[in-house]
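Start at 1 and go down the list; that is how both ligands and their atoms are numbered.
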Amino acid sequence: MYIDTHAHLNDSAYLDDLEEVIASSMANEVKGFIVVGFNKETNKRAIELAHKYPFIYATVGIHPSDVNEYNEENKNLILKQLEDPKVVGIGECGLDYYWHQDNKELQKEVFRWQIETSKKLDIPIIIHMRDASLDTLNILKEYDNVKGIMHGYSGSAEMLEDFYKIGLHIAIGGVVTFKNAKVIKEVARVARMDRLVLETDCPYLTPHPYRGKRNSPEYIPLIAKEIALLKDISISDIRDITYKNVLKLFDLEGKL
Ligand code: NI
């Protein structure tokens with residue numbers, strides 16, 4: 001079976017038909033979901049879903065687009081939420097210079113707080129990086145051994161080794177199925193199997209041939225299939241190895 005390590009089932013896009021989305025995902029062998037929060041509202045909703053469904057786990061964090069929520073009250077709330085056994089990681093968090101360039105120092109501070117929290121609690125961190133590869137890497141290098149996921153990895157194949165050295169896993173999503181996505185296809189071809197996980201980032205970044213429509217965890221096998229082709233190994237190997245990687249990383253052995 002598969003686990004979608006980055007599903008925003010807490011997004012309002014699924015308010016009307018979440019049960020159906022889950023059922024179609026299950027029918028496509030996607031039987032576990034990490035629902036990722038990125039601000040106060042989505043953190044809360046991720047936890048609600050994790051309490052409602054045994055196969056959903058949540059993460060909570062402050063996304064670089066939501067750094068205005070970085071204050072003592074919300075920090076304490078997140079620390080409290082992280083005590084919940086169904087909350088298994090921190091993030092998504094990180095740096096985004098595509099959407100925001102006027103608050104880089106604040107973004108870095110919020111990112112550092114989340115790295116330090118993940119290390120203190122020994123839980124994985126989900127890292128968002130957009131147009132900020134070098135700064136992201138330099139901040140991560142200030143810490144040794146960071147456990148977590150480079151979500152929607154957008155770095156080069158050459159930079160992979162740097163992220164592996166820090167201790168991170170690489171998540172590949174629907175973009176790998178896009179015809180002209182040369183860099184991520186090369187990343188997928190050379191990525192280490194023992195550090196690979198799959199994600200949709202739904203409702204965004206829907207894989208081919210559904211590009212443009214709402215994304216769903218049910219499309220995870222399309223991503224696995226493309227990676228299998230690029231690596232010239234079987235899709236069942238991609239499925240089984242990434243599944244084991246997720247169980248180990250999030251300490252979910254026997255729980256999913
Ligand atoms: Ni996301």
Peer 1: Tell me the protein N, O or S atoms under 2.8 Å from the Ni ion (ligand 1), in chain and number order.
Peer 2: His6 NE2, His8 NE2, Glu92 OE2, Asp201 OD1
Peer 1: For residues 160-186, which residue pairs qualify under salt bridge (Lys or Arg N to Asp or Glu O under 4.0 Å), counting only residues two or more places apart or in two chains?
Peer 2: Lys185-Glu226, Glu186-Arg189
Peer 1: Quick one: side-chain hydrogen bond (donor to acceptor under 3.5 Å, both in side chains) partners of Tyr97, sequence neighbours excluded?
Peer 2: Asp135
Peer 1: So, Asp96 versus His63: side-chain donor-acceptor pair below 3.5 Å or not?
Peer 2: no
Peer 1: Is the ring centre of Phe38 less than 6.0 Å from the ring centre of His8?
Peer 2: yes
Peer 1: By side-chain hydrogen bond (donor to acceptor under 3.5 Å, both in side chains), which residues pair with Tyr53, not counting sequence neighbours?
Peer 2: Glu19
Peer 1: Do the two ring centres, one from Tyr210 and one from Tyr219, sit under 6.0 Å apart?
Peer 2: yes
